[in-house]
Protein chains: 2
Amino acid sequence: MPPKKTILRDAAPYLPELTLDCVILSFHEDRLKVLLLRWKGTQEWSLPGGPIQRNEAVDAAANRILKERTGLDDIFLQQFHVFGEVERYNREEIRHKLKHLIDPDKWYERAVSVGYYALVDYTKVTPTPDAYTEQCAWWDVQHTPALLFDHNHIIHVARQALRTQLSWQPIGYNLLPEQFTLPELQRLYEAILGKTLDPRNFQRKMLSLGILERLAERRRGGAHKSPYLYRFKKEQYELKLKEGNLFFT
Amino acid sequence: MPPKKTILRDAAPYLPELTLDCVILSFHEDRLKVLLLRWKGTQEWSLPGGPIQRNEAVDAAANRILKERTGLDDIFLQQFHVFGEVERYNREEIRHKLKHLIDPDKWYERAVSVGYYALVDYTKVTPTPDAYTEQCAWWDVQHTPALLFDHNHIIHVARQALRTQLSWQPIGYNLLPEQFTLPELQRLYEAILGKTLDPRNFQRKMLSLGILERLAERRRGGAHKSPYLYRFKKEQYELKLKEGNLFFT
DNA sequence: TTTTAATGTGTTATTTTAACATAATGATAA
DNA sequence: TTATCATTATGTTAAAATAACACATTAAAA
């Protein structure tokens with residue numbers, strides 16, 4: 001491989017050949033949603049992501065991207081996999097689809113990507129495109145379009161990781177608004193686990209963990225019996241997480 | 001940051017600023033062991049690891065390093081964390097300690113490292129140093145010396161990951177020789193979990209999983225009642241793993 | 001006022017776990 | 001040759017967790 005444009009690359013503020021991709025998930029109308037970007041002048045979508053600055057921790061870069069795309073700070077963000085294959089995707093195809101947007105030399109190199117997932121409150125996000133894209137929107141994670149790069153695969157791996165980490169991570173805490181009902185929490189767990197749960201057993205188990213506080217209010221407006229509102233007792237929640245005692249089947 | 005030696009670096013067969021570190025674990029005399037390297041002309045130890053080739057998958061690089069240090073192929077190898085801090089360790093200190101061995105310019109850059117752990121059969125390993133080191137040896141994971149770089153920290157994180165993944169990974173399968181006794185398997189689990197288990201309950205639970213085959217032979221030579229030998233039923237083991245049903249408390 | 005479907009609470013049988021006891025074994029020491 | 005003793009194998013039981021059920025309550029809509 002001949003050296004090329006080396007001065008330019010090394011002068012760049014970014015680490016070459018290392019990127020990250022963020023699977024930003026939320027929960028809305030009983031569905032898991034993922035935040036996607038549409039590239040300028042195309043109908044092509046991809047995950048948010050990008051390169052890492054030379055003087056920036058990888059975790060910090062993930063937080064920066066999360067902040068830029070959602071407006072949110074201090075959010076649960078978890079690295080879940082490194083995508084380090086040489087031929088992660090068809091680079092020629094990307095070069096063709098995005099040729100009007102990017103420097104072909106810059107994007108033609110093999111890159112390793114660190115995958116992160118973030119769990120955010122749908123109602124608090126302001127989806128914001130980046131310099132290369134013109135639309136940022138939530139997609140039902142079950143019905144994403146064919147994405148650029150290997151991003152469908154990355155989403156798949158993220159969801160697997162989320163399922164196995166469900167017991168050790170503060171998952172409800174970040175995906176739901178501050179106040180929520182038990183049926184809402186149950187539907188979140190069902191969406192992540194991909195199976196239905198018995199509401200009576202779910203309720204008993206959740207409450208027995210001692211991490212929920214029932215409020216005086218109920219959620220009004222539904223067609224039927226109005227459910228109680230709850231919020232997480234933050235200290236107890238984090239205690240349980242440390243103990244690894246939120247295992248859920 | 002001024003550009004420097006850019007031609008040289010880009011011509012290099014390795015990805016700049018990306019490395020990997022391997023926490024190679026085995027089990028011997030009831031203790032978890034980790035494979036460490038001693039650097040030439042020093043008393044300084046570190047984990048095996050190194051850079052990734054431009055045309056090489058990151059997983060392939062980990063397998064290459066594992067093979068070079070142990071002689072083993074086709075071994076369970078799991079990436080567990082990306083160490084992406086800017087100041088992972090004191091680079092000045094490393095530069096001083098290893099100044100007789102390395103090009104200071106090359107090693108003075110910030111690097112991101114992908115952490116892997118491997119679980120190997122102690123009896124099958126031939127510890128082999130690399131070009132920079134003159135000794136490769138097993139250390140009790142509880143009593144490692146102060147290591148170079150952030151490698152004590154990497155071992156710590158690897159052990160945490162191993163504990164939480166104990167239920168979903170084929171851990172016994174790789175850490176033990178083909179034939180083993182139930183007390184040996186129990187002591188392995190105790191070493192990983194860091195706590196003692198009740199042998200009666202352990203035995204019943206293990207056997208109830210249906211992944212062990214009892215052999216006619218017993219292990220002779222112990223001072224007391226000779227225990228039965230077992231081996232894993234590979235298909236059943238992998239089935240259980242897929243189901244995520246090896247949870248162990 | 002009735003209907004309807006979602007919510008909250010309750011019951012029970014089964015399974016799993018935790019805690020504890022004891023018999024069998026086989027080299028070693030007496 | 002026999003007794004000793006630590007280790008292994010197997011057994012028992014109470015407590016806890018889980019799974020699979022039934023049913024009363026509620027609030028909007030018909």
Side-chain angles (χ1 to χ4, degrees), chain A residues 27 29-31 166-168 172 176-177 179-191 193-231 240 243-249, chain B residues 27 29-31 166-168 172 176-177 179-191 193-231 240 243-249:
Chain A
F27 188 63
E29 290 174 346
D30 297 350
R31 296 286 188 168
L166 190 55
S167 318
W168 290 276
L176 293 174
Q179 299 186 6
F180 53 89
T181 69
L182 277 179
E184 284 164 3
L185 183 61
Q186 179 182 339
R187 286 191 289 269
L188 167 59
Y189 270 75
E190 288 176 336
L193 292 171
K195 65 179 180 187
T196 60
L197 302 169
D198 184 296
R200 298 156 287 190
N201 295 335
F202 179 85
Q203 195 148 150
R204 177 180 26 251
K205 177 146 188 184
M206 263 301 158
L207 293 177
S208 75
L209 293 172
I211 59 175
L212 296 181
E213 178 188 358
R214 187 159 98 174
L215 307 177
E217 269 181 296
R218 290 152 170 257
R219 160 122 40 242
R220 313 307 300 265
H224 308 290
K225 180 169 180 175
S226 42
Y228 286 103
L229 286 170
Y230 290 81
R231 70 170 156 232
K240 284 280 179 185
E243 296 168 3
N245 276 349
L246 292 181
F247 193 73
F248 221 91
T249 50
Chain B
F27 188 62
E29 291 174 346
D30 296 352
R31 296 287 188 168
L166 190 55
S167 319
W168 290 276
L176 293 174
Q179 300 187 5
F180 52 89
T181 69
L182 276 180
E184 284 165 4
L185 184 60
Q186 178 181 340
R187 286 191 289 269
L188 168 58
Y189 271 74
E190 288 176 336
L193 293 171
K195 65 180 180 186
T196 59
L197 302 170
D198 183 297
R200 298 158 286 193
N201 295 334
F202 178 84
Q203 195 147 151
R204 178 179 24 252
K205 178 147 188 183
M206 262 303 157
L207 293 176
S208 75
L209 292 171
I211 58 175
L212 296 182
E213 178 188 358
R214 187 158 97 174
L215 307 177
E217 270 181 294
R218 291 155 171 255
R219 169 148 358 267
R220 314 306 300 266
H224 309 289
K225 180 169 180 177
S226 42
Y228 286 103
L229 286 170
Y230 290 82
R231 70 170 157 233
K240 284 281 178 183
E243 294 169 2
N245 276 349
L246 291 183
F247 192 73
F248 222 92
T249 50

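In what follows, chains are A, B, ... by sequence order, proteins preceding strands, each numbered from 1. Just the heavy atoms: all of them, side chains too, but no hydrogens, waters or symmetry mates, feed the values below.
The CG-P distance, from L207(A) to dG10(C), rounds to 12 Å in whole Å. Rounded to a whole Å, the CG atom of L209(A) is 10 Å from the P atom of dA17(D). Protein atom CZ of R219(A) is 22 Å distant from nucleotide atom P of dA5(C), rounded to whole Å. Protein atom CD of E217(A) is 17 Å distant from nucleotide atom P of dT7(C), rounded to whole Å. The interatomic distance linking F202(A) (CZ) with dT7(C) (C1') rounds to 14 Å, in whole Å. Atom-to-atom, CG of N201(A) to C1' of dT14(C) comes out at 13 Å; the value is rounded to the nearest Å. Taking atom OH on Y228(B) and atom C1' on dT7(D), their separation rounds to 14 Å, with Å as the unit. Regarding Y230(B), its OH atom lies at a distance of 8 Å from the C1' atom of dA9(D), rounded to whole Å.
You'll find a donor-acceptor pair under 3.5 Å spanning the side chain of R200(B) and the base of dA21(C), going by distance alone.
Within 4.0 Å (heavy atoms only), R214(B) reaches sugar-phosphate atoms of the nucleic acid but no base atom.
Rounding to the nearest 0.5 angstrom, the gap separating the CZ atom in R187(B) from the CG atom in L182(B) is 10.5 Å. The distance from atom CD of E184(B) to atom OH of Y230(B), rounded to the nearest 0.5 Å, is 12.0 Å.
When each of Q203(B) and A223(A) is assigned the nucleotide of DNA chain D bearing its nearest heavy atom, the one mapping closer to the 5' terminus is Q203(B). Heavy-atom distances to DNA chain C give each of H224(A) and R218(A) a nearest nucleotide, and the one nearer the 5′ end belongs to H224(A). With DNA chain C read from its 5' end, the first of the two nearest nucleotides for L229(A) and R204(A) is the one closest to L229(A).
Residue K205(A) places its side chain closer to dT18(D) than to any other of dT8(D), dT7(C), dT18(D). With dT7(C), dT25(C), dA20(D) as the candidates, the nucleotide lying closest to the side chain of P183(A) is dT7(C).
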Next on the checklist: Is there a side-chain contact (heavy atoms from CB on, under 4.5 Å) between F180(B) and L212(B)? Walk through the geometry before answering.
Outcome noted: CA-CA 10 Å; F180(B) 52 89; L212(B) 296 182; 3.8 Å; yes
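Taking side-chain N and O atoms only, K225(A) has no distance below 4.0 Å to OP1 or OP2 of dA5(C). OP1 or OP2 of dT25(C) has not a single side-chain nitrogen or oxygen of S226(B) nearer than 4.0 Å.
The shortest heavy-atom contact between P227(B) and T181(B) is CG-CG2, 3.7 Å.
For Q186(B) (side chain) and L197(B) (main-chain N/O), a donor-acceptor pair under 3.5 Å exists by modelled atom type.
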